[in-house]
Protein chains: 2
Amino acid sequence: MPATGSAQAEAWQIMLDVFLRQRSRFVALAQEFGLAPAQAIALKHLDPETGTPMSELARSLGCDNSNVTGIADRLEGAGLVERRPSPTDRRVKTLVLTAKGAEIRAAHQRRITAAPPEFQALSDADAAALLEILHQVVSPRGDPLA
Amino acid sequence: MPATGSAQAEAWQIMLDVFLRQRSRFVALAQEFGLAPAQAIALKHLDPETGTPMSELARSLGCDNSNVTGIADRLEGAGLVERRPSPTDRRVKTLVLTAKGAEIRAAHQRRITAAPPEFQALSDADAAALLEILHQVVSPRGDPLA
DNA sequence: TATTGTTATACTCTATAACTATA
DNA sequence: TATAGTTATAGAGTATAACAATA
């Protein structure tokens, strides 16, 4: 069923289609690293330098604090993160990547950010044009699509 | 951290970013219709004309048959689908949308396919160019990104 | 009073394995 | 033998509500 309406709407609908088709790929890739999908997303949101307070992670993930407790439990159980008390606020626990966690996070990021063949097949000119247009949609700074 | 490497890879990485940002939107939208995320995706995959055999739905969703049993239970409990025996194979049950299910499916599709403001803001020329390039990535026929 | 993290509870999604009824 | 759907079981994600410690 072809998208009807403006070119803007049609483009969006194709993007939606791409999302949907990538879903199973994302799940399978996370699994390759022994991660459940939410765990992979959580790892991605952890600051590799400073670590990230649990409540901040909850906000990044758009979920409840109580949910993060369980995700952190499992990541900690797998030896990928560590709960560290905040020096400035004794209520806060900061999730910090272990060496193993940092390694897995980086490897997963490398794999997931590698362009699929269909993107690699674009001509340089098309890729450059695509990049420029996407930059308008997701402006480098600011709150794109938020 | 800016994407490094080819324009192809950079474009892909921006697409990934858009996916991630849409996640919570998708969940919230499904919830507006009283649907869990997987239920919304299942509804989308049901053929509104003929209905869809449960095992075919399992393949579309990339999950096990046993999983579809539960999803179908809940959709049926909500009065959105009906299990109907196949006339040609007595092992098969076809999931058919009820009137209410068809309505909710259509309304949800209308909402989710509406382009976000950032896409609507593209110039007609940019939108047309984007559309053309995306068509190369997801070719109208064939197995894009599969 | 408000926030952080936890616990308890409940529901959904998911897979595996065992089962049935068909084919 | 193989497939379609179910059931049982288990683990993961999610939210709400209640709680202790801290701000």
Side-chain angles (χ1 to χ4, degrees), chain A residues 20 23-46 51-78 80-96, chain B residues 20 23-46 51-78 80-96:
Chain A
L20 210 56
R23 241 177 50 100
S24 57
R25 214 187 246 301
F26 292 160
V27 174
L29 181 60
Q31 205 166 29
E32 272 190 53
F33 291 93
L35 300 169
Q39 290 168 19
I41 297 175
L43 273 193
K44 181 196 150 64
H45 280 95
L46 289 186
T52 303
M54 293 178 68
S55 52
E56 190 185 323
L57 180 57
R59 281 186 292 270
S60 306
L61 299 177
C63 74
D64 193 83
N65 282 0
S66 63
N67 196 349
V68 171
T69 297
I71 294 175
D73 283 349
R74 290 179 281 271
L75 287 175
E76 199 169 31
L80 306 184
V81 306
E82 227 182 76
R83 281 171 164 95
R84 211 173 281 172
S86 160
T88 60
D89 185 335
R90 292 200 299 175
R91 292 172 304 176
V92 172
K93 291 176 190 167
T94 302
L95 294 182
V96 180
Chain B
L20 209 58
R23 241 176 52 98
S24 57
R25 215 188 245 303
F26 291 160
V27 175
L29 181 59
Q31 204 167 30
E32 273 189 52
F33 291 94
L35 299 169
Q39 291 169 19
I41 297 175
L43 273 193
K44 180 196 151 65
H45 280 94
L46 289 186
T52 302
M54 292 178 67
S55 52
E56 190 184 322
L57 180 57
R59 280 187 292 270
S60 306
L61 298 177
C63 75
D64 193 82
N65 282 0
S66 63
N67 196 348
V68 171
T69 296
I71 294 175
D73 284 348
R74 289 177 283 271
L75 288 175
E76 199 169 30
L80 306 183
V81 306
E82 225 182 76
R83 280 172 165 96
R84 211 174 279 173
S86 159
T88 60
D89 186 334
R90 293 200 298 178
R91 293 172 304 179
V92 172
K93 291 178 190 166
T94 302
L95 294 183
V96 180

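So that the names make sense, note that chain A is the first sequence line, chain B the second, and so on, each numbered from 1. Reckoned from all heavy atoms, side chains included, excluding hydrogens, waters and symmetry mates.
Contacts between residues 61-76 of chain B and DNA chain D, counted as heavy-atom distances below 4.0 Å, involve B:Asn65, B:Ser66, B:Thr69.
The heavy-atom pair separating A:Val68 from A:Cys63 by the smallest distance is CG2-SG, 4.0 Å. In this structure, A:Ala30 and A:Ala40 approach most closely via the heavy-atom pair CB-CB, 4.0 Å. Taking every heavy atom of both residues into account, A:Val92 and A:Pro53 meet most closely at CG1-CB, 3.8 Å.
For C:dG5, the OP1/OP2 oxygens have a side-chain nitrogen or oxygen of A:Ser55 closer than 4.0 Å.
Toward the 5′ end of DNA chain D lies the nearest nucleotide of A:Gln39, the other residue of the pair A:Gln39 and A:Arg90 mapping further downstream. Place A:Val92 and A:Arg23 on DNA chain C by their nearest nucleotides, and A:Val92 ends up nearer the 5' end.
Rounded to whole Å, atom C1' of C:dT20 lies 15 Å from atom CE of B:Met54. When rounded to the nearest whole Å, the span between CD of A:Gln31 and P of C:dC13 equals 18 Å. Distance, A:Arg91 CZ to C:dT1 P: 17 Å, rounded to whole Å.
Heavy-atom contacts from other residues, nucleotides or ligands closer than 6.0 Å to CZ of A:Arg23 number 12 or fewer.
Close approach of DNA chain D to chain A, defined as any atom under 4.0 Å from a non-hydrogen atom of the protein, starts and stops at D:dA12 to D:dA23.
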side-chain contact (heavy atoms from CB on, under 4.5 Å) evaluation trace for A:Met54 with A:Leu57: CA-CA 5 Å; A:Met54 293 178 68; A:Leu57 180 57; 5.5 Å; no

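Expressed to the nearest 0.5 Å, how far CD of B:Gln39 lies from CD1 of B:Ile41 amounts to 10.5 Å.
Here the side chains of A:Leu75 and A:Arg83 are not in contact, with every heavy-atom distance at 4.5 Å or above. Put simply, the side chain of B:Glu82 does not reach to within 4.5 Å of the side chain of B:Leu95, judged on heavy atoms.
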